[in-house]
Amino acid sequence: MSRRSSPQRNRSPRAKAAIAAYIADIDSTNSAGSASNLPSFVVQQLRQALLSWYAHQGRDLPWRHSRDPYAIWISEIMLQQTQVTTVIPYYRRWLQRFPNVDSLAAADLQDVLKTWEGLGYYARARNLHRAAQTIGQQHGGRFPQQFDQALALSGIGRTTAGGILSAAFNQPWPILDGNVKRVLTRLIALDCPPSQALPELWDLSTTLLSPTQPRDFNQALMDLGATLCTRRHPNCQQCPWQPYCRAYNLNVQSELPMSEARGPLPHKHIGVAVIWNDQQQILIDRRRPQGLLGGLWEFPGGKIEAGETVEACIQREVQEELGIHVEVGKQLTTVDHAYSHFKVTLNVYHCRHRQGEPQPLECDEIRWVTLEEISQFPFPKANLQIIAALQQAHHLPT
DNA sequence: AAAACGTGGGC
DNA sequence: TGCCCAAGTTT
């Protein structure tokens, strides 16, 4: 095994060229292509400009009122791939429901998922739950202050570990989230997608980080990306880094960062069963803990095969998943939904249980529930639309 | 190491 | 409508 030169090292000549050009623009005698060679007076000015901008223009966010590593941890996890305005109400509810590590560690996973319901990427909630138990068992119930120990917790990667430790303890760890990638990409006018220059962007984030005010610096960098250096229509006139920004000087700020190529998403057609028994109850199942929507409840169903009718699909899927025979009745609704990596159309039909005792053949658990009870269970968004349709039909005057 | 993993906003 | 993307991590 001799091919050990880290894979990314030779794959980002454009990143090195961009940094070299950035440095050369400042100091024409300097041809270095590494962030660590940035002239120190530039680093000082960038830090100072950003920190004083943040002191006046920084956002007032709920978790910034806290130095409790638990509360900050929760916010960092919720903010992964999720916008601030979406997170805030979830954050407040979560801290009421689970105010500390112990309460989270002791909670039932179903309650954890119910509190997370609607936020998406449910592995985050499962990981939070597992990490709380790890903290209880291995760290005496206190969030670890060592980077490697934080990084080892489920759901915490390099950016989240740095974000938590810098925000909670003012430790000098760099971060590289979507905001920071965009800001730094524009600063040096990086002419390739950020994913192809991650080592260089990490180096840059590390070099720029204020060693004396890492907490404020990291928060400021994210605020800059979120409020001025936005994806569309960046507000360069208000930007504290405008004099130092290579993208601005080249007038390419609106073209950067370069986008990552993505293919079209597959579209799946699904037959879904709302199965009724004679007690006005509906059959729901809990998905296995791993993978898509793991641990959430759903209405049984599955993919419609080529040449298959929806009715035949539903009968077949229900037989395979639950070992029962149903009679497929009239259609309840249709739901279109887009996940991150495919799209679905849910064709939802009322069904009647005819034969066999339901068994959890391809799921973790099954239950008969009334319409009143159903809201106690965590469901994915697409299924909440089905429940809404059921409740609407139920409340119709007879 | 590329693909999996949710949902909502904005245009 | 459809597409891109947002405080990324895991396998």
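None of the values given here were measured: they were computed from a predicted structure. So you know, we letter chains A, B, ... as the sequences are listed, proteins then strands, and number each from 1.
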query: Under 3.5 Å, is there a donor-acceptor pair between the A:Arg124 and A:Thr82 side chains?
result: yes
message: Distance check needed: C:dT10 C1' versus A:Arg158 CZ, whole Å only.
response: 17 Å
message: Under 4.0 Å, heavy atom to any atom of DNA chain B: which of residues 379-388 of chain A qualify?
response: A:Pro380, A:Lys381
message: Tell me whether A:Arg64 at atom CZ has more than 12 heavy atoms from other residues, nucleotides or ligands lying less than 6.0 Å away.
response: yes
- request: Starting from the 5' end of DNA chain C, give me the residue, A:Arg64 or A:Leu153, whose nearest nucleotide shows up first.
  value: A:Arg64
task: Under 4.0 Å between any heavy atoms, over every strand shown, what does A:Val84 touch: base, sugar-phosphate, or nothing? Just pick one.
output: base
- prompt: Looking at A:Phe299 versus A:Phe379, is the centre-to-centre ring distance below 6.0 Å?
  reply: yes
task: Quickly work out the A:Leu113 CG to B:dG6 C1' distance and round it to whole Å.
output: 13 Å
query: Among side-chain atoms of A:Arg246 and A:Asn249, is any donor-acceptor pair under 3.5 angstrom?
result: no
task: Can you figure out which of B:dT7, C:dA7, B:dC5 approaches the side chain of A:Tyr339 most closely?
output: B:dT7
message: Centroid separation under 6.0 Å, is that true for the rings of A:Tyr339 and A:His341?
response: no
task: Give a yes/no on whether any side-chain N or O of A:His337 is located under 4.0 angstrom from OP1 or OP2 of B:dG6.
output: no
message: Taking only side-chain N and O atoms of A:Arg182, does any of them lie within less than 4.0 angstrom of OP1 or OP2 on C:dA6?
response: yes
- prompt: For DNA chain B, whose closest nucleotide is more 5', that of A:Thr85 or that of A:Tyr122?
  reply: A:Tyr122
message: Would you measure the distance from the P atom in B:dA3 across to the matching atom in C:dC4 and give it in whole Å?
response: 16 Å
query: Are A:Asp177 and A:Arg158 within salt-bridge range, i.e. N to O under 4.0 Å?
result: no
statement: Per nearest nucleotide of DNA chain B, the residue lying toward the 5' end, A:His341 or A:Arg231, is A:His341
- prompt: Hey, does A:Trp63 reach any base, or is it just sugar-phosphate, or nothing, if we go heavy atoms under 4.0 Å?
  reply: base
- prompt: Contact class for A:Gly178 vs. all strands (heavy atom < 4.0 Å): base, sugar-phosphate, or nothing?
  reply: sugar-phosphate
Interatomic distance where CD belongs to A:Glu117 and P belongs to B:dG8 [whole Å]: 11 Å
message: Would you say the rings of A:Trp116 and A:Trp94 are close, in the sense that their centroids are separated by under 6.0 Å?
response: yes
- request: State, without any angle test, whether A:Trp297 and A:Gln110 hold a side-chain donor-acceptor pair at a distance under 3.5 Å.
  value: yes
field: Cationic N near anionic O, under 4.0 Å, A:Glu308 to A:Arg316
entry: yes
query: Taking OP1 and OP2 of B:dG9, is either one under 4.0 Å from a side-chain nitrogen or oxygen of A:Gln83?
result: no
message: For the P atoms, the ones on B:dA1 and on C:dA6, what distance do you get once it is rounded to whole angstrom?
response: 23 Å
Rounded C1' spacing from B:dA2 to C:dA7 in Å: 23 Å
- request: Mind checking A:Ile175 for me? I need base, sugar-phosphate or nothing, with any heavy atom below 4.0 Å counting as a touch.
  value: nothing
query: Donor-acceptor pair under 3.5 Å: do we get one between A:Arg124's side chain and the base of B:dA4?
result: no
task: Check the distance between C:dG8's C1' and A:Asp177's CG and give it to me in whole angstrom.
output: 9 Å
- request: Using atom CG of A:Leu165 as one end and atom C1' of C:dA7 as the other, report the distance to the nearest whole Å.
  value: 15 Å
statement: With the side chain defined as heavy atoms from C-beta on, A:Thr160 is closest, among C:dA7, C:dG8, B:dG6, to C:dG8
statement: Against the side chain of A:Lys343, the closest entry in C:dA7, C:dG2, C:dT9 is C:dG2
- prompt: Base, sugar-phosphate alone, or nothing: which one does A:Gly294 contact when heavy atoms must sit under 4.0 Å apart?
  reply: nothing
- prompt: With rounding to whole Å, what would you report as the distance between B:dG6 and C:dT11 at their P atoms?
  reply: 13 Å
- prompt: Which is true for A:Leu61 with a 4.0 Å heavy-atom rule: it touches a base, it touches only sugar-phosphate, or it touches nothing?
  reply: base
statement: Rounded to whole Å, CG of A:Leu292 lies from P of C:dT9 at a distance of 20 Å
- prompt: Could one point to a donor on the side chain of A:Thr82 or the base of B:dG8 with an acceptor on the other under 3.5 Å away?
  reply: no
query: Is A:Arg352 salt-bridged to A:Asp278, going by a charged N under 4.0 Å from an acidic O?
result: yes
- request: May I have the distance from A:Leu265 (atom CG) to C:dC5 (atom P), rounded to whole angstrom?
  value: 12 Å
Sugar-phosphate, base or nothing in reach of A:Ser154, heavy atoms under 4.0 Å: sugar-phosphate
statement: Rounded to whole Å, CG of A:Leu79 lies from P of B:dT7 at a distance of 18 Å
message: Nearest heavy atom decides the nucleotide; on that basis, is A:Glu260 or A:Lys181 closer to the 5' end of DNA chain C?
response: A:Glu260
Minimum-distance nucleotide to A:Met222 side chain [options: C:dA7, B:dG6, C:dC5]: C:dA7
